[in-house]
Amino acid sequence: MLGFVTWTLLLLVWMEILRTHLVVSGRIPANGFTPDNAGLSFLQRLARAHANCIEGLPIFGGFMGVAMMTSRTGITDPLAYWFIAARLIQSAIHLASTSPNAVKARFFAFAVQMAIGLYWAVKLLAG
């Protein structure tokens with residue numbers, strides 16, 4: 001969970017560093033950004049990668065929280081590193097390219113996370 005939260009924060013910090021550079025260099029006024037960084041190709045992908053993390057955080061954080069509160073981290077721990085690896089890969093591909101092959105690879109990384117989440121849900125619900 002710490003890796004997921006840290007990665008989410010790092011994406012946000014990276015986005016704000018790039019935005020600050022654009023403002024300080026005079027390329028964009030401080031009030032010239034949209035929330036999704038529309039019109040700024042890389043920054044737009046960075047905003048989406050960050051949003052993807054934010055969207056998944058309550059779901060996967062919830063699973064981790066339930067596992068911890070019920071002393072069943074044995075369910076989540078074995079796949080936690082696979083989960084964070086898939087999340088990092090998804091974000092990296094999102095930042096690197098929007099080619100059809102990249103989108104397919106990004107979806108595969110996303111699908112791995114969904115499969116892990118479903119596994120956790122079933123195991124945690126089974127008691």
Side-chain angles (χ1 to χ4, degrees):
M1 180 50 42
L2 181 59
F4 193 169
V5 173
T6 302
W7 179 245
T8 304
L9 176 62
L10 289 174
L11 290 172
L12 179 61
V13 168
W14 189 6
M15 182 168 35
E16 296 316 312
I17 288 170
L18 294 174
R19 280 180 161 202
T20 300
H21 173 72
L22 291 171
V23 170
V24 170
S25 67
R27 293 173 54 197
I28 296 179
N31 63 350
F33 296 98
T34 61
D36 67 349
N37 293 316
L40 302 168
S41 181
F42 181 77
L43 274 172
Q44 192 169 18
R45 291 195 317 269
L46 185 55
R48 272 311 303 152
H50 177 259
N52 289 158
C53 289
I54 294 295
E55 292 160 1
L57 199 52
I59 298 165
F60 299 105
F63 290 141
M64 294 286 191
V66 167
M68 290 170 50
M69 288 183 276
T70 60
S71 299
R72 294 186 288 157
T73 56
I75 293 170
T76 54
D77 286 355
L79 293 174
Y81 288 110
W82 288 101
F83 175 84
I84 193 64
R87 172 54 64 175
L88 293 171
I89 290 167
Q90 178 189 356
S91 296
I93 294 169
H94 204 145
L95 297 174
S97 177
T98 58
S99 74
N101 285 337
V103 172
K104 290 174 191 172
R106 189 175 81 214
F107 176 76
F108 179 77
F110 175 73
V112 167
Q113 295 164 73
M114 296 305 103
I116 291 170
L118 285 171
Y119 173 80
W120 287 344
V122 168
K123 289 295 198 177
L124 289 167
L125 285 168

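Atoms considered below: every heavy atom in the structure, side chains included; atoms not considered: hydrogens, waters and symmetry mates.
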Discussion item. If you define the side chain from C-beta out and look only at heavy atoms, does anything of Glu16 sit under 4.5 Å from Leu12?
Written reply: yes

Worksheet item: Out of curiosity, Leu10 CG to His50 NE2, how far, rounded to the nearest 0.5 Å?
Response: 10.0 Å

Fill in: All side-chain hydrogen bond (donor to acceptor under 3.5 Å, both in side chains) counterparts of Asp77, not counting sequence neighbours
none

Worksheet item: salt bridge (charged side-chain N to carboxylate O under 4.0 Å, His left out): which pairs involve residues 37-51, sequence neighbours left out?
Response: Arg48-Glu55

Discussion item. So, using side-chain hydrogen bond (donor to acceptor under 3.5 Å, both in side chains) as the criterion, who are the partners of Thr70 when residues are at least two apart?
Written reply: Arg72

Worksheet item: Can you list every pair that meets side chain to side chain donor-acceptor pair (under 3.5 Å) and has a residue in residues 118-127, with sequence neighbours left out?
Response: none

Discussion item. Tell me every residue that passes side-chain hydrogen bond (donor to acceptor under 3.5 Å, both in side chains) with Arg106, counting only those two or more places apart in sequence or in another chain.
Written reply: none

Worksheet item: Can you find a pair of side-chain heavy atoms, one from Phe33 and one from Leu40, that are under 4.5 Å apart?
Response: yes

Practice prompt. Measure the acute angle between the ring planes of Phe63 and Phe60, then classify it against the limits of 30° and 60° as parallel, tilted or perpendicular.
Written response: perpendicular

Worksheet item: Taking the hydrophobic residues Ile, Leu, Val, Met, Phe, Trp and Tyr, and joining any pair whose side-chain heavy atoms are under 4.5 Å apart, which ones share a cluster with Met68?
Response: none

Item to complete: Determine, using the 4.5 Å side-chain heavy-atom cutoff (strictly less than), whether Leu18 and Ile54 are members of one ILVMFWY cluster.
Response: no

Worksheet item: So how far is it from Arg19 CZ to Arg27 CZ, rounded to the nearest 0.5 Å?
Response: 14.0 Å

Worksheet item: Same hydrophobic cluster for Met114 and Leu79, using side-chain heavy-atom links shorter than 4.5 Å among ILVMFWY?
Response: yes

Practice prompt. State, to 0.1 Å, how close Trp7 and Leu88 come at their nearest heavy-atom pair, and which atoms those are.
Written response: CD2-CD2, 3.2 Å

Worksheet item: Shortest non-hydrogen contact from Asn37 to Leu43?
Response: ND2-O, 3.1 Å

Discussion item. Count I, L, V, M, F, W, Y as connected when their side-chain heavy atoms are under 4.5 Å apart, and connections chain through other members. Are Leu57 and Val112 then in the same cluster?
Written reply: yes

Fill in: Value rounded to 0.5 Å, distance of CG in Leu46 from CE in Met15
5.5 Å

Item to complete: Work out which heavy atom in Pro78 is nearest to a heavy atom in Thr73; give both atom names and the distance.
Response: CD-O, 4.2 Å

Worksheet item: Can Val13 be reached from Leu95 by stepping across I, L, V, M, F, W or Y side chains whose heavy atoms are under 4.5 Å apart?
Response: no

Item to complete: Flag yes if more than 12 heavy atoms outside Phe108 fall under 6.0 Å of its CZ atom; otherwise flag no.
Response: no

Fill in: Same apolar cluster (I L V M F W Y, side chains within < 4.5 Å links), Met1/Ile59
yes

Worksheet, complete the sentence: Closest non-hydrogen atoms of Ile89 and Ala109, given as atom of the first, atom of the second and distance, are CG2-CB, 4.0 Å

Fill in: Distance-minimising heavy-atom pair for Ile93 and Ala102
CG2-O, 3.1 Å

Worksheet, complete the sentence: Heavy atoms of Leu11 and Cys53 approach each other most closely as CD1-SG, 3.8 Å

